[in-house]
Amino acid sequence: MRDHAEIECWLTDMDGVLVHENHPVPGAAELLQQWRDEGKPYLVLTNNSIFTPRDLSARLKASGLDVPESAIWTSALATADFMKEQIPGGSAFVIGEAGITTALHEAGFIMTETNPDYVVIGETRNYSFEAITKAIRLIGNGSRFIATNPDATGPSADGPMPATGAVAALITKATGREPYIVGKPNPMMFRSALNKIGAHSETTGMIGDRMDTDIVAGIEAGLHTVLVLTGISDQKEIARYPFRPHEVLDSVADLLKK
């Protein structure tokens, strides 16, 4: 197991690790400050593709956590990064909100409904049947199919609601085509995050609260993985999987220097 002093850079999930229902997890603000004091580059990762880094930075600030937008990496940014690498200056038909449309605009993509290179499904609170039908027809005509993240449901005040993975499954059923999914658990999201901060997998740690996304992707990307129990996982959940994190901690407070 790597000593924490050997870890030069950190990637951390957001919900369930730093914040819980818009309240900061005890120790999160102090850990972010510790990384700043030590000059350790870090990125806060999220599979949510609705919001821009600016939105998320403001949301974290309202929760009492100071995270600049430059230190936030979303599945939308990772998706735009991947697509730019594949087809620079390409075109896309997008179902999603500001997070993904802004990221693609900034990556030089043109939004179009006419023979786009890609159909991109992201998170949105208002899936339109008309837009989904359009996506199905465009994919049938040869557009490549991308989804920002695989999450089938997302939380809301009234309970779970269908998310990107569920809508992508509907389109797959109608077209027979599976999307390429960039967000966690695809280690591609971590690789693009490492590239953004100039980090190396051997000296980078990943903190997450989910075995099926954060930890498996961290292991596959060659990172030192830390599971915290402030989110959805407990010891029983850990035992269900054939892989294990390098460390299991009660919370991020356990990473503070005594």
Side-chain angles (χ1 to χ4, degrees), residues 11 13-16 43-52 56 72-87 90-104 107 109 116-125 127 131-132 134-136 138-140 142-155 160-196 206 208-223 225 232 241 243:
L11 304 179
D13 187 38
M14 188 169 78
D15 294 302
L43 279 180
V44 175
L45 271 59
T46 176
N47 255 3
N48 188 317
S49 61
I50 290 182
F51 303 105
T52 64
L56 291 168
I72 294 172
W73 191 245
T74 68
S75 64
L77 291 172
T79 298
D81 202 58
F82 168 76
M83 288 167 59
K84 184 182 180 179
E85 217 172 73
Q86 296 288 310
I87 304 181
S91 60
F93 172 72
V94 181
I95 296 178
E97 299 202 18
I100 185 63
T101 54
T102 305
L104 286 171
F109 271 77
D117 296 312
Y118 291 105
V119 167
V120 184
I121 309 300
E123 210 73 73
T124 172
R125 298 187 191 92
Y127 287 107
I132 290 168
K134 197 163 284 174
I136 288 165
L138 291 170
I139 290 165
S143 295
R144 298 159 184 84
F145 184 17
I146 297 258
T148 57
N149 61 294
D151 305 62
T153 61
M161 54 195 288
T164 312
V167 176
L170 186 160
I171 295 170
T172 293
K173 192 76 174 166
T175 59
R177 300 269 293 282
E178 296 275 349
Y180 181 70
I181 301 169
V182 179
K184 299 179 290 184
N186 187 344
M188 174 74 70
M189 179 155 170
F190 289 176
R191 292 203 192 106
S192 57
L194 293 173
N195 290 342
K196 179 174 161 65
M206 168 66 204
D209 72 317
R210 293 185 68 116
M211 290 290 288
D212 58 348
T213 55
D214 306 316
I215 301 305
V216 70
I219 289 169
E220 289 178 4
L223 309 178
T225 53
I232 69 154
Y241 291 89
F243 50 86

- Considering all heavy atoms, the nearest P116-S143 contact: O-OG, 2.7 Å
- Item | Intermediate values then yes/no, side-chain contact (heavy atoms from CB on, under 4.5 Å), V119 and I171 | CA-CA 11 Å; V119 167; I171 295 170; 5.6 Å; no
- Is there a side-chain contact between I146 and F82 (heavy atoms, below 4.5 Å)? yes
- Item | Listed partners of L170 passing side chain to side chain contact (heavy atoms under 4.5 Å, CB included), at least two apart | I132, I136
- Query: Considering residues at least two apart in sequence or located in another chain, which fulfil the salt bridge (charged side-chain N to carboxylate O under 4.0 Å, His left out) criterion with R144?
  - Reply: none
- Task: Please name the pair of heavy atoms, one in V216 and one in P185, separated by the smallest distance, quoted to 0.1 Å.
- Result: CG1-CB, 3.7 Å
- Item | Partners meeting side chain to side chain donor-acceptor pair (under 3.5 Å) with T52 (sequence neighbours left out) | D55
- Residue list, side chain to side chain donor-acceptor pair (under 3.5 Å) with T102, at least two apart or on another chain: none
- Item | Partner set under side chain to side chain donor-acceptor pair (under 3.5 Å) for T124, not counting sequence neighbours | E97
- Task: Could you tell me the separation between the CD1 atom of I121 and the CZ atom of F145, rounded to the nearest 0.5 Å?
- Result: 5.0 Å
- Message: Under the rule for side chain to side chain donor-acceptor pair (under 3.5 Å), what residues qualify as partners of R191, not counting sequence neighbours?
- Response: none
- Query: So how far is it from Y118 OH to I139 CD1, rounded to the nearest 0.5 Å?
  - Reply: 13.0 Å
- Item | Nearest atoms (heavy-atom pairs only) where D151 meets A163 | O-CB, 3.3 Å
- Query: side-chain contact (heavy atoms from CB on, under 4.5 Å) between I95 and V167: does it pass, once the steps are laid out?
  - Reply: CA-CA 10 Å; I95 296 178; V167 176; 5.6 Å; no
- Shortest non-hydrogen pair, F190 vs A221, comes out as CB-CB, 4.0 Å
- List the steps and the verdict of side-chain contact (heavy atoms from CB on, under 4.5 Å) for M189 and N47. CA-CA 9 Å; M189 179 155 170; N47 255 3; 3.7 Å; yes
- Excluding sequence neighbours, so at least two apart, what forms salt bridge (charged side-chain N to carboxylate O under 4.0 Å, His left out) with K196? none
- Task: Could you note down all residue pairs passing side-chain hydrogen bond (donor to acceptor under 3.5 Å, both in side chains) where residues 73-84 supplies at least one of them, sequence neighbours left out?
- Result: W73-S192
- Note on the structure: Nearest heavy-atom approach of L11 to A193 is CD2-CB, 4.1 Å
- Approximate separation, where rounding is to 0.5 Å, of N48 CG and T164 OG1: 8.0 Å
- Query: With sequence neighbours left out, what residues match D15 under salt bridge (charged side-chain N to carboxylate O under 4.0 Å, His left out)?
  - Reply: R59
- Task: Could you list all the side-chain hydrogen bond (donor to acceptor under 3.5 Å, both in side chains) pairs where at least one residue sits in residues 172-185, not counting sequence neighbours?
- Result: D13-K184, Y180-N186, K184-D214
- Item | Heavy-atom pair with the smallest gap, counting every atom of A168 and A147 | CB-CB, 4.4 Å
- Message: With rounding to the nearest 0.5 angstrom, report the CG to OG1 distance, N149 to T213.
- Response: 10.0 Å
- Rounded to the nearest 0.5 Å, how far does CG of D117 lie from CE of M83? 8.0 Å
- Query: Got a second to check how far I50's CD1 is from I100's CD1, nearest 0.5 Å?
  - Reply: 12.0 Å
